[in-house]
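One structure is given here, and the rest of the page talks about it.
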Amino acid sequence: MRLFTATLATETNTFSPLPTSLASYQESVFLRPGEHPEDAARMCTAPLFVARRRAAGDGFQLIEGSCFAASPAGVTNRRDYETMRDEILGQLRAALPVDGVLLGLHGAMVAFGYDDVEGDILARVRELVGERCVIGIELDPHCHLTRKRVAASDIIVLYKEFPHTDVVERAEDLLDLVLATLRGKIKPVMSVYDCRQIQSYPTTLPLMRGFVDKIKAMEGKDGILSISIVHGFPYADVPELSSRVLVIADADKAKADAVATTLGEELVAMRGKTMPEYLDVEAAIGVALASNAAPVVIAEPADNAGGGAPSDNTDVLRALVANDVKAAAIAPIWDPVAVRLCFDAGDGSSFALRLGGKTGPASGQPFDGQVRVIGLARNCWQSFGPTKVPLGDCAAVRVGGVDVVLISNRTQALGLELFGNLGIDPTQKQLLVLKSTNHFMAAFGPIAKKVLYVDSDAPLSRDYRRVPYRKVTRPIWPLDDDSEPGLIL
Ligand SMILES: [Zn+2]
């Protein structure tokens, strides 16, 4: 039995002012066959990582293709996409015949000229391998589960957790299902219910926590093989943006249809109930300062690099300094130029620094202040579950009572190392401002005494009615009140 695996992944914010090129992939995950590390899965490479570990024991030969992944940002350069795609397709062609294909695709990638990148890849893979080959893919729930992708693949498994702490477990599920199909033990059939809604679904809040626990308990019983909740990625202007429910049943399409419909209707009934409360910046600082337990975390999802935002908006920093807040820290502000200037100035020096506010109108104004350099470190990383996320060279500066963490590799707040690399102990702060939507909860949830969410003037507004969509299929809630949810596949 021969299986081929590869990865091509990013999450595209089509409104982002930062186009994504080959250099963005080279900065993040750019691994040719023979270059994959042994130690851990990196972003969407979990299918390769898991299959490699299990190949001998499960009796198959694994042919490893290239893995390319970039941090979320704007639309990918067309020629660079085609170069990476064709490299993977060339490796697959050379590996033929294969019995199965395992792909780690994020599922929300857009390239210039390609609104549905993963649909394009999967259709081409199917054309190469033929109908009898089993194609299994792992996706992030912040994906667009298009009809084209479902038609071209046999098994699709999404991460269930947000924050995505179960990337490796879901790759195990995917491999289990692909192997069982190849051995003739199951015949997977997929049904998709379209909720016709745009919403965020952190699984750390009670309503979604309960829903995810429920679907996990349903899997492996009564012929239900797998259930995935498609959250959708709200900052992408593509026709099939929508929250959906995917159910895979064993040879029983009617059952898959029925379960997808029941769960889909439940998700529709949760409209407006799955997101945390959002405060304005001044109110959040006031609540944090009034708390007698520390640290209080203020999350700023609107400037989350993980959603394609530049992560250089200075709105919250400005408010912290204006309010003369003490024992606060904010991270990360993406500003490689400011990092360079801090290295040039040297550790311990005080100088006038302009930071942030550079990338686009939604970055706001740059912040100008007299700062003291309190930490410098080269080639840093932070951890997110088993993944080591590179931060590049980092600098910390203190302005008033606020420590500001500046990074060179644009990414969101994920691990405690973001502060620790620079000698800042986040547990000793009264207030931590984190640019992230919910992934920060994996590491910072356990140390936070309270978590607040702000809606700043950064680009990823929580009110989707303010996002300037043109291509999204209407009607869809909350843009329209008359959406018509239903089974689509
Ligand atoms: Zn995601």
Side-chain angles (χ1 to χ4, degrees), residues 7-16 20 28-29 41-47 69-74 76 103-110 117-118 137-146 149 156-171 173-174 197-205 208-209 211-212 228-236 238 240-246 267 274-276 299-309 311 382-387 389 410-415 434-443 445 453 460 462 464:
T7 288
L8 181 50
T10 190
E11 182 180 77
T12 302
N13 177 335
T14 61
F15 306 101
S16 170
T20 302
S28 190
V29 175
R42 305 238 355 238
M43 281 168 79
C44 303
T45 65
S71 291
T76 290
L103 297 175
L105 306 172
H106 178 289
M109 179 171 172
V110 176
V117 160
E118 293 81 358
I137 63 174
E138 186 183 29
L139 298 177
D140 185 297
H142 300 113
C143 67
H144 315 296
L145 190 67
T146 66
R149 298 176 198 185
I156 301 174
V157 174
L158 276 59
Y159 325 145
K160 289 182 169 60
E161 302 294 336
F162 176 34
H164 306 326
T165 50
D166 61 335
V167 178
V168 172
E169 288 95 320
R170 298 293 80 80
D173 294 351
L174 177 70
Q197 66 198 37
I198 305 171
Q199 184 154 340
S200 178
Y201 307 87
T203 57
T204 38
L205 293 176
M208 272 310 282
R209 180 73 263 142
F211 195 61
V212 169
S228 292
I229 309 302
V230 182
H231 299 196
F233 179 59
Y235 306 102
V238 295
E240 289 195 62
L241 163 62
S242 185
S243 302
R244 292 176 170 177
V245 174
L246 165 71
L267 208 58
T274 60
M275 302 218 295
E300 189 192 5
D303 205 19
N304 174 19
S311 195
Q382 60 179 343
S383 42
F384 182 51
T387 304
V389 179
R410 198 180 52 86
T411 183
Q412 67 183 297
L414 296 169
L434 302 175
K435 291 178 182 281
S436 173
T437 299
N438 202 49
H439 285 342
F440 72 89
M441 280 296 282
Y453 295 83
L460 309 187
R462 295 291 104 185
Y464 305 123

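Each residue takes its place number in the sequence, starting with 1. Order of listing sets the numbers, starting from 1, for every ligand and every atom in it. Just so it is clear, the model here is predicted, and its values are computed rather than measured.
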Please determine whether side-chain hydrogen bond (donor to acceptor under 3.5 Å, both in side chains) holds for the pair Thr274 and Gln199, giving the CA-CA distance in whole Å, both sets of side-chain angles, and the decisive distance to 0.1 Å. CA-CA 8 Å; Thr274 60; Gln199 184 154 340; 2.3 Å; yes

Charged N to carboxylate O below 4.0 Å: is that the case for Glu161 and Arg209? yes

Would Lys435 and Glu300 pass as an ion pair if we require N to O under 4.0 Å?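 The answer is yes: the pair qualifies as a salt bridge.
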
Separation between CG of Leu414 and CG of Leu434, rounded to the nearest 0.5 Å: 10.0 Å

Run the ring-centre check on Phe162 versus His142 and record whether the distance is less than 6.0 Å. yes

The Zn ion (ligand 1): which protein N, O or S atoms are under 2.8 Å away?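 N, O, S partners closer than 2.8 Å: Asp140 OD1, Asp140 OD2, His142 ND1, His164 NE2.
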
If we ignore angles and hydrogens, is there a donor and acceptor under 3.5 Å between the side chains of Glu11 and His106?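 A donor-acceptor contact under 3.5 Å links the two side chains.
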
